[in-house]
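Below, all heavy atoms of this structure are taken into account, side chains as well, without hydrogens, waters or symmetry copies. Just so you know, ligand 1 is whichever comes first in the structure, and atom 1 is the first atom listed for that ligand.
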Amino acid sequence: MSGPNKNYDPVQVTPLNADEVEQMVARALEAISAAGTTADLKAARLAHNGDRSPLALANREIGALPPQARKEVGQRIGQARGAVNKAIADREAELSALELEQRLAAETLDLTVPVLTQPVGAPHPVTALMDRMSDVFIAMGWEVAEGPELETEWYNFDALNLGPDHPARALQDTLWVDPVEQGLCLRTATSPVQVRTLLNRDLPVYVVSPGKVFRADEYDSTHLPVFHQIEGLCVDKGITMAHLRGTLDHFAREMFGDVRTRMRPHYFPFTEPSAEVDLECFVCHGESVGNPARPCSTCRSEGWIEWGGCGVVNPRVLAAAGVDPDVYTGFAFGMGVDRTVMNRNNATDLRDFVEGDIRFSRSLVGGAR
Ligand code: DAH
């Protein structure tokens, strides 16, 4: 047998008859429109338009038809495949647009949703105030000096002209380190930094020294065994009490606004003359004094707030640190920092200072003036 089979009738060849092709197309279109994802569509394309799909198989049959039948059938199959192709392309465009939309929706970030933030710390109000106080002096060209918290008896007492019989050496005040005979204690004031500064630095010196101090005190609302002071020391030629006065006034104004200071004569072994320095009440400016209608809780209606001690550096201290008191003079002062925080911020209980509650630090630091 040679040549095409002239008797081959496309109507009789099942895959090529119009009804059958129409059904193939209908099934293909149904599967394509039912595809809900691009993966489904890929499967539908393979089943209805792939190499082994009914339409592809039908297409192969065309060659077996007599030539006069091929055109019509070819057109039928071609149109059918065209329709299926177009449906696939349309559905593909729809699905990928849909999937993009879904992906974008899934990836959307709602920036207004409240999130659980990791709590961050806050500087302790005492640290913050010591920094501020230091800044007042740094702005005048002073330096910040540091000394150890574990101090020798000589720096803490002897060099500061606190003789062996001075009451401040009594065991109930000073925290000595065992064995007591070795003469090591937790410093009871920042004053020993004065001596260290004079021994370690070239003259003149202008330093402040903020830091922790320790005393065998009760732990209650007005006492802490560990508290903070800021020490000031100036040693230069021609320094007088007037320089001390001016420095403290400036310090007070920088810290508290428009206030005066006053000095009351006092005794400290390391200064001569010595004074206690009071701060004019920065809340009532004295108006609460003798005025029960306007009581002031900051100064307890006294008009003044005790701030610290000060004086002209005792020549014995200068001599102990190898400074010639005939050439140099100086002044010194020391203030409690914790109490200053209390005054400035109306804190009433010193125990809050050591309990480490972040809400306390935040409220004071945030509200610190
Ligand atoms: N060291 C004193 C105290 O702890 C405070 C003090 C007073 C420091 C007078 C000084 C000063 O430098 O001159 O109470």
Side-chain angles (χ1 to χ4, degrees), residues 126 130 133-134 137 142-149 151 153-163 166-170 172-175 185-198 205-217 222-236 239-249 251-252 261-279 305-318 320-321 323 325 328-340 350:
V126 167
M130 288 197 300
M133 288 173 145
S134 302
F137 288 91
W142 291 43
E143 292 175 314
V144 174
E146 289 189 337
E149 291 170 0
E151 194 49 284
E153 190 173 6
W154 189 80
Y155 279 110
N156 198 75
F157 295 116
D158 299 86
L160 289 170
N161 196 32
L162 279 113
H166 195 282
R169 288 204 183 198
Q172 68 265 26
D173 272 334
T174 307
L175 291 158
C185 63
L186 293 171
R187 67 179 182 191
T188 55
T190 41
S191 305
V193 183
Q194 290 187 27
V195 184
R196 290 185 174 273
T197 302
L198 291 174
V205 297
Y206 289 81
V207 296
V208 278
S209 184
K212 278 193 175 63
V213 301
F214 309 82
R215 287 188 202 169
D217 260 342
T222 54
H223 297 91
L224 294 176
V226 182
F227 54 103
H228 301 79
Q229 292 184 336
I230 185 163
E231 192 81 15
L233 174 71
C234 146
V235 174
D236 202 344
I239 295 296
T240 71
M241 194 103 177
H243 296 112
L244 169 61
R245 197 62 216 265
T247 305
L248 290 177
D249 272 344
F251 186 22
T261 61
R262 76 173 180 190
M263 285 180 179
R264 285 177 290 107
H266 199 74
Y267 171 75
F268 294 107
F270 33 88
T271 41
E272 182 58 39
S274 303
E276 278 196 321
V277 56
D278 294 343
L279 200 63
I305 300 163
E306 276 186 32
W307 199 22
C310 63
V312 171
V313 180
N314 192 317
R316 284 164 167 258
V317 174
L318 294 178
V323 175
Y328 286 95
T329 51
F331 65 76
F333 57 86
M335 274 88 191
V337 180
D338 311 68
R339 274 164 210 271
T340 308
L350 272 178

4.0 Å heavy-atom contact, F270 with ligand 1: yes
Answer yes or no for H266: is there a heavy-atom contact with ligand 1 below 4.0 Å? no
Over 60° means perpendicular and under 30° means parallel, so classify the ring planes of W142 and F331, tilted if in between. tilted
If you take the centroid of each ring, where Trp contributes its six-membered ring, are F333 and F137 closer together than 6.0 Å?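 Under 6.0 Å, so yes.
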Exactly one candidate in V313, L244, T247, T329 meets side chain to side chain contact (heavy atoms under 4.5 Å, CB included) with I239; the answer is T329
Heavy-atom donor-acceptor pair, [X] side chain to [Y] backbone, under 3.5 Å:
X	Y	value
R245	T240	no
N314	E272	no
H166	G163	no

C310 and ligand 1 - part of the residue with a heavy-atom distance under 4.0 Å: backbone
Sub-3.5 Å N/O-N/O distance, R215 and ligand 1: yes
Does the N or O separation between G232 and ligand 1 drop below 3.5 Å for any pair?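 Checking ligand 1 against G232, no N or O pair falls under 3.5 Å apart.
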What protein heavy atom lies closest to atom 12 (O) of ligand 1? Include the residue and the distance to one decimal. E231 OE2, 2.5 Å
Atom 1 (N) of ligand 1: nearest protein contact (heavy atom, Å): S191 OG, 3.0 Å
Proximal ligand 1 atoms for [X], defined as those under 4.0 Å from one of its heavy atoms:
X	result
T271	13 (O)
G309	7 (C), 9 (C), 11 (C)
A189	1 (N), 4 (O)
Q194	12 (O)
F268	7 (C), 9 (C)
Q229	3 (C), 4 (O)
G311	13 (O)
A332	12 (O), 13 (O)

To the nearest 0.5 Å, how far apart are CG in L198 and CG in L233? 5.0 Å
To the nearest 0.5 Å, atom CD1 of I230 lies from atom OG of S209 at 8.0 Å
Is it true that D173 and R215 make a salt bridge, defined as a side-chain N closer than 4.0 Å to a carboxylate O?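 Result for this pair is no, no salt bridge flagged.
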Salt-bridged, R196 to E151, with N to O below 4.0 Å?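 Salt bridge present between R196 and E151.
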